[in-house]
Amino acid sequence: MPVQRLRFGVVLMSSGCTRKEWVERCRTAEALGYDVIGVADHLNLMSPFPMAVAAAEATTLPRIGLYVINSCFYNHALLARDISTTDLLTEGRLEMGLGTGYVRREFDEAGVEFGSGADRVDRLEAAVVGLRHAFSKEEGAVLPSRSPHPPLLIGGHGRRVLGLAAREADTVSFTGARFRPEFGRTGLVTASVLRERVDLVLEESAGRAVRPELNVLSKATVLTGDRRAAAAELGARYAPDLEVDRLLELPTLFTGTPEQIAEQIRGHSEEFGLTYFTVMDAAMEDFGQVIERLR
């Protein structure tokens, strides 16, 4: 039986692609049943706003997600103008996503102070306030097609950023990963840690009239008849300190047959309350087989 109210998104990478290639990728995502086509914001990729417009022009049904804008890189008034313009040109299909940014090299290249994690959350919080103010103007500004603004997604893992998301966002996106100094990069957290983060969001959003949608970003999908072997191989890259049994519990890694992964998603939806699952570009076609089992 299909799971109720699930949405599926894919983050498409635009590095070095032609317009034709971008259009074909977006149309493939739509044909595979994705509800949201996400556009990332990194310096090695094409600018997210024109790419979002191009994605909307190439497709009919999917929402177009900014997944996610690095809020530290933008003046709030200019960002509001870009979001509003993109929302108008996509005819109200835009979903705006905000994050703190996490790649120090990109901050250095852009001439923006990286600062501490707390500094970047402060800037994200200021961006949310600044955008709401810009969108509230009645004249003298470009305003989005929807009032007060397109749906807002905030993504991250830290307690402060998730608390902010719980209070302010329409969708809370869990990265399920934190920076690990011993690895020199991020590593996936356990299911129990993710469960604690979900509980935090539920607690912080308890007073809202409508609780936010819960999203998770999956790092990899492997179609295989040997789930344990695939999980072990992925663990070496994404979570070197986690045993295979712990890896198999995660909603941030999908391994198995399409039927097994579909069942995994049903379980994650029930356990964590997740109703929106996003995968990366490389997994688009394989995960499309999973979507087929969940419709």
Side-chain angles (χ1 to χ4, degrees), residues 2-14 17 22-42 45-70 82-83 86-99 144-146 149-156 165 169-176 210 212-221 251-252 254 261-262 265 268-269 272-295:
V3 179
Q4 297 294 316
R5 301 177 295 105
L6 287 189
R7 292 206 301 163
F8 302 103
V10 58
V11 181
L12 298 185
M13 297 292 111
S14 61
C17 76
W22 181 251
V23 166
E24 289 176 351
R25 292 296 283 168
C26 292
R27 288 177 177 167
T28 297
E30 181 172 33
L32 290 170
Y34 286 93
D35 302 286
V36 183
I37 295 173
V39 183
D41 183 21
H42 291 287
L45 303 177
M46 295 183 182
S47 174
F49 297 105
M51 298 310 285
V53 173
E57 290 178 347
T59 58
T60 303
L61 297 176
R63 296 279 185 169
I64 310 300
L66 300 171
Y67 197 97
V68 294
I69 293 297
N70 183 341
D82 285 346
I83 289 173
T86 305
D87 184 58
L88 290 165
L89 292 177
T90 59
E91 298 183 313
R93 290 162 60 191
L94 187 70
E95 296 185 356
M96 58 177 184
L98 298 177
S145 64
R146 287 160 294 175
H149 52 70
L152 171 63
L153 174 149
I154 295 178
D170 301 285
T171 300
V172 178
S173 181
F174 299 93
T175 62
V210 179
E213 174 186 46
L214 303 185
N215 167 258
V216 67
L217 175 62
S218 171
K219 306 302 183 292
T221 298
T252 43
F254 298 134
I261 297 174
I265 288 172
H268 294 323
S269 181
F272 297 100
L274 301 166
T275 59
Y276 176 14
F277 295 81
T278 299
V279 299
M280 300 303 295
D281 195 325
M284 178 174 71
E285 296 191 25
D286 284 347
F287 193 77
Q289 298 184 45
V290 179
I291 295 176
E292 191 177 350
R293 271 74 174 177
L294 290 164
R295 293 303 190 191

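Atoms considered below: every heavy atom in the structure, side chains included; atoms not considered: hydrogens, waters and symmetry mates.
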Fill in the blank from the handout: Distance col, row Ser218:OG vs His268:NE2, nearest 0.5 angstrom, shows 8.5 Å
Exercise for the section: Evaluate the criterion side-chain contact (heavy atoms from CB on, under 4.5 Å) for residue pair Ser14 and Val39; output intermediate values, then yes/no. Expected result: CA-CA 8 Å; Ser14 61; Val39 183; 5.7 Å; no
Exercise for the section: Evaluate the criterion side-chain contact (heavy atoms from CB on, under 4.5 Å) for residue pair Leu12 and Trp22; output intermediate values, then yes/no. Expected result: CA-CA 9 Å; Leu12 298 185; Trp22 181 251; 3.6 Å; yes
Exercise for the section: Report yes if some heavy atom in the side chain of Arg25 is under 4.5 Å from a heavy atom in the side chain of Met13; otherwise report no. Expected result: no
Exercise for the section: Grab the two heavy atoms, one from Ala56 and one from Thr90, that are nearest each other, plus how far apart they are. Expected result: CB-CG2, 3.5 Å
Practice task
Start with the C-alpha gap between Phe49 and Ile69, add the side-chain angles, then the distance that decides, and say whether side-chain contact (heavy atoms from CB on, under 4.5 Å) holds.
Solution key: CA-CA 10 Å; Phe49 297 105; Ile69 293 297; 3.9 Å; yes
Problem - 4.5 Å side-chain heavy-atom contact, Leu98 and Leu152 - result: yes
Exercise for the section: To the nearest 0.5 angstrom, please state how far the CG atom of Leu94 sits from the CZ atom of Arg146. Expected result: 6.5 Å
Practice task
Can you label the angle between the Phe254 ring and the Phe287 ring as parallel, tilted or perpendicular, going by 30° and 60°?
Solution key: parallel
Practice task
Give a yes or no on whether a salt bridge exists between Asp35 and Arg5, defined as a side-chain N under 4.0 angstrom from a carboxylate O.
Solution key: no
Problem - Backbone N/O of Met284 and side chain of Tyr34: donor-acceptor pair under 3.5 Å - result: yes
Handout entry: Spacing of NE2 belonging to His149 relative to CD1 belonging to Ile83, to within rounding of 0.5 Å
Key = 9.5 Å
Practice task
Determine the minimum heavy-atom distance between Thr59 and Arg27, stating which atoms define it.
Solution key: CG2-N, 4.2 Å
Problem - Heavy atoms from other residues, nucleotides or ligands near CD of Glu91 exceed 12 (cutoff 6.0 Å) - result: no
Exercise for the section: Write down the atom of Leu32, the atom of Glu285, and the distance for their closest heavy-atom approach. Expected result: CD1-CA, 3.8 Å
Practice task
Identify the heavy atoms of Phe8 and Arg295 that sit nearest to each other, and give their distance.
Solution key: CD1-NH2, 3.6 Å
Exercise for the section: Any chance you could measure Met96, atom CE, to Asp82, atom CG, to the nearest 0.5 Å? Expected result: 13.0 Å
Exercise for the section: Flag the pair Val68 / Leu153 as yes when at least one side-chain heavy-atom distance between them is below 4.5 Å, and no otherwise. Expected result: yes
Fill in the blank from the handout: Tested for side-chain hydrogen bond (donor to acceptor under 3.5 Å, both in side chains) against Asn215, the lone hit among Thr278, Thr175, Thr171 is Thr278
Completion exercise
What one should report as the nearest heavy-atom pair of Thr252 and Leu217 is CG2-O, 3.6 Å
Handout entry: Interatomic distance, Asp87 atom CG to Ile64 atom CD1 [nearest 0.5 angstrom]
Key = 11.5 Å
Practice task
State the CG-NE2 distance between Asn70 and His42, to the nearest 0.5 angstrom.
Solution key: 8.5 Å
Fill in the blank from the handout: Closest heavy-atom pair, Leu6 versus Ser269, reported as atoms and distance to 0.1 Å, is CD2-OG, 3.8 Å
Handout entry: Side-chain donor or acceptor of Glu30 paired with backbone N/O of Leu61 under 3.5 Å
Key = yes
